[in-house]
Amino acid sequence: MARNLVRKIRRRLWVVAAPGVATLALSDLAFGQTSSLHKLGTVTAQPLTLENTSFTYVKLEPPREIKINDIVTIIVDYKTQHLSRGNLQRRKRSNMAAILQRWIQFEGGNLAPTPMGLGTPSIEAQLNNQMQTQVQLDSGDTVKFQIAATVVDIRPNGNLVLEAHRRIENNEDTYEQRLSGIVRREDVLPNNTILSEDVAELNIEKVETGHVRDGYKRGWLLRWLDNVGPF
C-alpha cells in the first residue's frame with residue numbers, strides 16, 4: 001500500500017525550474033488529517049450505533065411470543081388513601097302567636113256566631129332548633145402480593161386477557177384470591193412479570209373464611225344496624 005502511494009505521488013509531482021526559483025506542483029492529490037478512528041481503514045463511513053461502537057453493549061432478546069394458556073406473574077401493589085372532612089352548623093328559631101277571635105256554632109240548623117264567654121282563646125309557641133355536625137374520615141388500604149395468571153384470551157389488537165385463582169387451606173381457615181384484567185402485550189416484562197398498575201379492568205377479590213374470620217366479622221344484627229343507621 002505504501003509503494004502504491006509513493007508511485008501516485010511521483011506521477012503527480014513536477015519540479016518547475018526557473019532562474020533562482022524552484023516550484024513544486026501537486027495536482028489531483030490532497031492529504032488531510034482526521035481524528036476519527038471510526039473511519040480508519042474504511043472507504044465509506046459506517047453509521048454510528050451502540051452495537052458497533054460500545055464495548056458494553058448487550059443485544060436485547062426479542063420479546064417472547066405469548067399464546068393462550070401461557071402463565072405470567074402479576075405483581076399486585078395497590079395502595080389507596082382517602083381523606084374527607086366536613087363541618088355543618090344549622091340554627092333554626094320560630095315564634096308563633098295565634099288568637100281565635102270568632103267561632104261558629106249550629107243553632108236550629110243554621111250557623112251562628114259563638115260568644116266567647118270565657119275569653120278569647122290564644123296560642124303562643126316558640127321553637128328553637130340548633131344542630132352542629134362535624135365529620136372527619138381518614139382511610140387507607142394496601143394490597144400487596146404476587147400471583148400467577150393464565151392467558152385465557154387474546155384480543156384482535158393483541159391485548160391479553162388474564163385470570164388468576166389461588167386457594168390456600170390452613171387447618172380450619174381458607175384463603176382465596178381471584179384476579180382478572182386486560183394487559184397490553186408490550187407491558188409484559190422480560191422476566192415474565194406484569195405490574196398491577198398496567199392491568200386494565202383490574203378486579204381483585206380476597207375471601208377469607210374460617211376460625212380467624214369468625215373472630216372479627218360482624219353479625220347479622222350489627223350489619224342491619226349499620227345499614228339502617230337508627231342512631
Side-chain angles (χ1 to χ4, degrees), residues 74-147 149 155 159 161-184 187 194-231:
I74 301 179
I75 303 176
V76 179
D77 190 359
Y78 180 75
K79 298 179 181 179
T80 60
Q81 185 176 4
H82 180 71
L83 175 63
S84 178
R85 295 181 180 179
N87 188 8
L88 173 64
Q89 292 184 355
R90 185 179 68 179
R91 294 181 179 179
K92 183 178 181 180
R93 185 173 182 179
S94 301
N95 294 324
M96 183 182 66
I99 299 176
L100 183 60
Q101 296 180 349
R102 295 181 181 180
W103 194 240
I104 59 175
Q105 66 177 352
F106 288 97
E107 184 176 340
N110 298 321
L111 294 176
T114 300
M116 303 293 182
L118 300 178
T120 303
S122 62
I123 299 176
E124 184 176 354
Q126 182 178 358
L127 175 63
N128 189 1
N129 187 11
Q130 182 177 358
M131 182 180 66
Q132 182 177 357
T133 303
Q134 185 176 359
V135 179
Q136 182 175 356
L137 174 64
D138 297 332
S139 64
D141 189 14
T142 301
V143 179
K144 189 173 183 179
F145 63 92
Q146 295 185 9
I147 189 171
R155 298 289 175 83
N159 291 342
V161 182
L162 306 176
E163 286 187 4
H165 304 273
R166 181 161 59 190
R167 178 186 177 93
I168 301 175
E169 295 186 4
N170 184 12
N171 295 329
E172 297 181 2
D173 297 322
T174 303
Y175 306 91
E176 294 185 21
Q177 296 174 347
R178 294 185 288 267
L179 183 146
S180 62
I182 302 174
V183 68
R184 297 178 301 179
D187 289 332
I194 302 171
L195 301 180
S196 60
E197 60 187 20
D198 296 329
V199 181
E201 300 182 14
L202 180 62
N203 183 18
I204 301 175
E205 296 182 11
K206 295 181 64 179
V207 181
E208 180 181 352
T209 58
H211 224 42
V212 177
R213 171 61 179 166
D214 294 340
Y216 65 86
K217 74 175 182 179
R218 297 177 303 164
W220 65 269
L221 181 58
L222 290 179
R223 291 198 304 268
W224 179 80
L225 290 176
D226 291 338
N227 294 330
V228 177
F231 305 108

**Asked** Would one find more than 12 heavy atoms of other residues, nucleotides or ligands at under 6.0 Å from atom CG of Leu127?
**Response**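 Enclosed: over 12 neighbouring heavy atoms sit under 6.0 Å from CG of Leu127.
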
**Message:** Is it the case that over 12 heavy atoms from other parts of the model lie below 6.0 angstrom from the CZ atom of Arg166?
**Reply:**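 Yes.
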
Side-chain heavy-atom pair [X], [Y] within 4.5 angstrom cut-off:
X	Y	value
Gln126	Arg93	yes
Thr174	Arg167	yes
Glu176	Thr209	no
Ile74	Val183	no

**Given Asp198, Val199, Leu195, the one that forms side-chain contact (heavy atoms from CB on, under 4.5 Å) with Asp187** =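 The passing option is Asp198.
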
How long is the straight-line distance from [atom2] of [Y] back to [atom1] of [X], given to the nearest 0.5 Å?
X	Y	atom1	atom2	result
Ile194	Arg184	CD1	CZ	11.5 Å
Glu201	Ser180	CD	OG	8.5 Å
Leu179	His165	CG	NE2	9.0 Å
Phe145	Asp77	CZ	CG	10.5 Å
Ile99	Glu124	CD1	CD	9.0 Å

What pair of heavy atoms forms the shortest contact from [X] to [Y], and how long is it?
X	Y	value
Lys206	Val143	CD-CG1, 4.2 Å
Leu162	Ala149	CB-CB, 4.2 Å
Ile147	Gln177	CD1-O, 4.2 Å
Gly210	Asp173	C-OD1, 3.2 Å

